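Everything numeric in this text was worked out from a predicted model, so none of it was measured. These values consider heavy atoms only, across backbone and side chains, with no hydrogens, waters or symmetry-generated copies. Here, residue 1 is the first one in the sequence, and each next residue gets the next number.
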Amino acid sequence: MIISASRRTDIPGFYAEWFMNRIREGYCTVPNPFNAKQVSRISLRPRDVDVIVFWTRYAGPMLPYLQELDSRGFRYYFLYTLMNNPRELDPKSPNHQKAIETFRRLSDSVGREKVVWRYDPIVFSSITDSDFHEAAFERLAEALRGYTQRCIISVVDMYRKASARLRILEKSGIHIHEPRAYVFDRLMKTIIKAARENKMALQSCAEEAGVCSGKIPPGKCIDDKLIQDVFGLDVTHRTDPSQRSACGCVASRDIGMYHTCRFGCVYCYATASFERARERYQHHDPTSPSLTGRFEATTSQKKKTSQRSLFE
């Protein structure tokens, strides 16, 4: 079983203590996002977990626990989002220099093959146009040279949950737009060149038509081939049915909960209300079996849950 920690929230950044408490207890509980009465008990025992995939914008709080994870026999890798967007888009993300330094410390600790850089999502706006992203990607790629072997990119999808926040941006004079085709292709060529010069394999994430005429191959964030190459494990090759049709990730169990991330990115699909996320964080109990609240299991981890799209 692959554990995803987590598409729904930043567990390393905000809930590292809770995560380690669950590791020590050997399980966690996760309510179905569409039916809170259906609560799964998910084993976190080393014998049941093939790999843990961490998703984060700031891994600092997890660094003190890595040695313990290793000693308990866990295998893991990080999907590390690192950009340099203006505060209007990413109001509470770590300062990018601090994030770079933490990325490097993490890479030095676990190995560059286990830290995947995500330049994601790319938002085209009046304050983050193609020129902005060209310069930002080149600077970050140079700063991360030697600290990662792979970069994953994607272009933002505007979900319903973010629409109200985007309308507020529009009223403040910040306009979200799609770039002209030739401008987009120029950006992709710059990204391809920068990744190549800094010795990074480049992939796209969940792009229906591919990017730059197919010159950037589709990738998988939860990647069976990466797991095979890095850990020598032959895990499931089944595509995750709960993700978007263009997503290539293999099946995993996500242990996070929606509406709990505190970074406040305006385009976020996983948090409908930042006020709700703040309240949940304030009432978070690191000793609870579930990330927020105190949910007791009603189903085993093998029982199927709703396959409705999590991106509706």
Side-chain angles (χ1 to χ4, degrees), residues 1-30 40-82 94 98-118 144 147-150 221-223 226-233 235 252-257 260-263 280-281 283-297 301:
M1 175 177 59
I2 299 171
I3 295 295
S4 172
S6 156
R7 284 186 176 91
R8 301 168 182 170
T9 191
D10 196 320
I11 286 178
F14 295 109
Y15 303 102
E17 181 184 2
W18 171 84
F19 176 81
M20 291 306 301
N21 284 337
R22 302 326 307 156
I23 287 291
R24 294 163 190 149
E25 292 291 332
Y27 79 99
C28 68
T29 59
V30 182
S40 296
R41 177 187 173 106
I42 299 178
S43 174
L44 295 177
R45 295 176 297 183
R47 69 188 185 192
D48 296 325
V49 175
D50 293 314
V51 176
I52 302 168
V53 181
F54 292 108
W55 308 67
T56 190
R57 284 177 177 260
Y58 182 59
M62 276 300 302
L63 292 177
Y65 298 118
L66 297 180
Q67 186 174 355
E68 181 178 349
L69 282 179
D70 294 339
S71 68
R72 290 176 178 271
F74 287 98
R75 294 170 288 262
Y76 53 88
Y77 69 92
F78 284 78
L79 298 164
Y80 204 124
T81 297
L82 182 53
K98 181 179 181 180
I100 289 170
E101 292 170 0
T102 306
F103 190 110
R104 290 172 172 173
R105 287 175 59 201
L106 177 64
S107 177
D108 286 339
S109 178
V110 305
R112 61 184 179 178
E113 73 280 3
K114 298 178 186 176
V115 188
V116 178
W117 173 31
R118 288 173 59 91
L144 298 180
Y147 293 95
T148 186
Q149 296 178 336
R150 179 186 303 198
C221 297
I222 299 183
D223 188 342
L226 182 151
I227 291 170
Q228 174 68 51
D229 291 345
V230 173
F231 303 107
L233 291 179
V235 294
S252 64
R253 295 304 305 267
D254 199 297
I255 63 170
M257 292 176 66
T260 58
C261 185
R262 295 280 286 119
F263 280 132
R280 284 189 163 189
Y281 182 74
H283 293 94
H284 165 69
D285 178 0
T287 68
S288 173
S290 51
L291 189 67
T292 64
R294 185 168 289 271
F295 290 89
E296 299 299 333
Q301 64 190 47

Exam field: side chain Thr29 to backbone Phe295, donor-acceptor pair closer than 3.5 Å: yes
4.5 Å side-chain heavy-atom contact, Asp223 and Gln228: no
Note, Val51 side chain near Leu233 side chain (heavy atom, < 4.5 Å): yes
Pi-cation contact, Tyr27 with Arg22 (under 6.0 Å, within 45°): yes
is_close_aromatic(Phe263, Tyr58), centroid dist under 6.0 Å: no
Backbone of Arg45 reached by a side-chain donor or acceptor of Ser43 within 3.5 Å: yes
Check: Trp55/Ser6 side-chain N/O donor and acceptor closer than 3.5 Å: no
Test: Arg253 and Asp48 ion pair at under 4.0 Å: no
Check: Asp10 side chain, Cys261 main-chain N or O, donor-acceptor pair, under 3.5 Å: no
Shortest non-hydrogen contact from Leu82 toward Ala99: CD1-CB, 3.3 Å
Shortest non-hydrogen separation from Asp50 to Arg75 and the atoms involved: O-NE, 2.9 Å
pair Tyr77-Leu226: side-chain heavy atoms closer than 4.5 Å: yes
Straight-line distance of Gln149 CD to Asp229 CG, nearest 0.5 Å: 10.0 Å
Shortest non-hydrogen contact between Thr9 and Gly256, atoms and distance: CG2-CA, 4.3 Å
Donor-acceptor under 3.5 Å (Thr81 side chain, Arg57 main chain): no
Interatomic distance, Trp18 atom CH2 to Asp285 atom CG [nearest 0.5 angstrom]: 11.5 Å
ring-ring contact (aromatic ring centres under 6.0 Å, His included), paired with Phe54, selected from Tyr15, Tyr65, Phe78: Phe78
Student check: side-chain heavy atoms of Val30 and Leu291 closer than 4.5 Å: no
Side chain proximity check, Leu69 to Arg72, heavy atoms < 4.5 angstrom: no
Side-chain (Asp254) to main-chain (Arg7) donor-acceptor, under 3.5 angstrom: yes
N-O pairing of Arg105 and Asp108 below 4.0 Å: no
Smallest separation among heavy atoms of Pro12 and Pro61, with atom names: O-CB, 3.3 Å
Which atom of Leu144 lies closest to which atom of Phe103, heavy atoms considered: CD2-CD2, 3.6 Å
N-O pairing of Glu296 and Arg41 below 4.0 Å: no
Closest approach of Ser107 to Val115 (non-hydrogen atoms, all atoms of both residues): CA-CG2, 3.9 Å
Exceeds 12 heavy-atom contacts within 6.0 angstrom, atom OH of Tyr281: no
Lys/Arg cation over aromatic Tyr147: Arg112, 6.0 Å, 45° cone: no
Asp70 and Tyr76: CA distance, side-chain angles, deciding distance, side chain to side chain donor-acceptor pair (under 3.5 Å) verdict: CA-CA 9 Å; Asp70 294 339; Tyr76 53 88; 2.8 Å; yes
Contact check, side chains of Glu25 and Leu44, non-hydrogen atoms, under 4.5 Å: no
Residue pair Phe74 / Ile52, side-chain heavy-atom distance below 4.5 Å: yes
